[in-house]
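Because only heavy atoms are used, hydrogens play no part in the values below, and waters and symmetry mates are left out as well, while side chains stay in. Residues take their numbers from the sequence shown, with the count starting at 1.
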Amino acid sequence: MTRRSRAQMIEETRAKLLATARQAFASQGYGQTSMDDFTAAAGLTRGALYHHFGSKEGLLIAVIEQIEAEVGDRLQTASAAEPTPWLGFRCRCRTYLELALEPEIRRIILQDARAIFGDVPQAAQSVGIAALQAALEELIAAGTVQPVHAGAVARMIYGIVTEASFWIAEPDGDPQARLAQALDGLDRLLAGLLHQA
């Protein structure tokens, strides 16, 4: 039997806390999740949580970062699967809105994180904006999109899809109907970027 290194044990403990907290935050909500309950479910102590994440809020930030990284990968995969760069760009924006219906993302990212922190963490914003800007620069260089300031427009589009996602995820109303309305509005806005022949 091989002994695990200290680094492996630390990583396993962090992963266990993250997985258990993520499941608890998604099913019960951040405010209703007891630290004692989910640390016990992970077979760990509250001290382990404080040691690795500093606080329940620190653990929420780590869960958000994990989910945001997965969202970034999913957006890239969806975009890359499209036959043209323009359709990939459109798909990236539409997929971001569609993710607002997924219960875990809806609860943790779009409801609880906003209630606790007021906005999407800055690191996640920077990554999302950079991906949109790079895609816009490529589309402008190819002549598909009109010459615009890619950085400014990327920030504007990021703001549009982020705020629409928060709206779709609100606990009241019909999220499916809101998604349909948001997708329609998004398509109309994006169409205005296309180079007119």
S.K.: May I ask you to decide if Thr39's main-chain N or O and Lys16's side chain share a donor-acceptor pair within less than 3.5 Å?
M.R.: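 Absent.
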S.K.: Please check: side-chain N/O of Asp112 versus main-chain N/O of Tyr30, any donor-acceptor pairing under 3.5 Å?
M.R.: yes
S.K.: When you check the side-chain N and O atoms of Gln76 and Arg92, is any donor under 3.5 Å from an acceptor?
M.R.: yes
S.K.: Going only through I, L, V, M, F, W and Y residues with side-chain contacts under 4.5 Å, is there a path from Ile160 to Leu99?
M.R.: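 No, separate clusters.
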S.K.: What are the two closest non-hydrogen atoms of Pro175 and Arg106, and how far apart are they?
M.R.: CG-NH2, 4.0 Å
S.K.: Could you report the tightest heavy-atom contact between Pro147 and Ile140, atom names first, then the distance?
M.R.: CA-CG2, 4.1 Å
S.K.: Please give me the minimum heavy-atom distance between Ala154 and Leu132, naming the atom from each residue.
M.R.: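 Closest approach of Ala154 to Leu132, heavy atoms only: O-CD1, 3.7 Å.
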S.K.: Between Glu102 and Arg74, is there a salt bridge with N-O shorter than 4.0 Å?
M.R.: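 Answer for the salt bridge query: yes.
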S.K.: Of all heavy-atom pairs between Leu183 and Glu98, which one has the smallest distance, and what is that distance?
M.R.: CD1-OE2, 4.2 Å
S.K.: Any side-chain to backbone donor/acceptor pair from Arg22 onto Ile108? Under 3.5 Å, distance only.
M.R.: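 Flag not set: sc Arg22 to bb Ile108 has no pair under 3.5 Å.
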S.K.: Any donor and acceptor pair, going by atom type alone, linking the side chain of Gln146 with main-chain N or O of Gly192 inside 3.5 Å?
M.R.: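 It does hold such a pair.
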S.K.: Checking the side chain of Glu138 only, and the main-chain atoms of Pro85 only, is there a donor and an acceptor separated by less than 3.5 Å?
M.R.: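 Such a contact is absent between Glu138 side chain and Pro85 backbone.
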S.K.: Work out which heavy atom in Glu68 is nearest to a heavy atom in Ile109; give both atom names and the distance.
M.R.: OE2-CG2, 3.5 Å
S.K.: What's the shortest heavy-atom distance between Ala182 and Ala164, and which atoms?
M.R.: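 Reported closest heavy-atom pair: CB-CB, 4.3 Å.
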S.K.: Does a donor on one side chain sit under 3.5 Å from an acceptor on the other, for Gln133 and Glu137?
M.R.: yes
S.K.: So, Arg178 side chain and Trp167 main chain: donor-acceptor pair closer than 3.5 Å or not?
M.R.: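 Yes.
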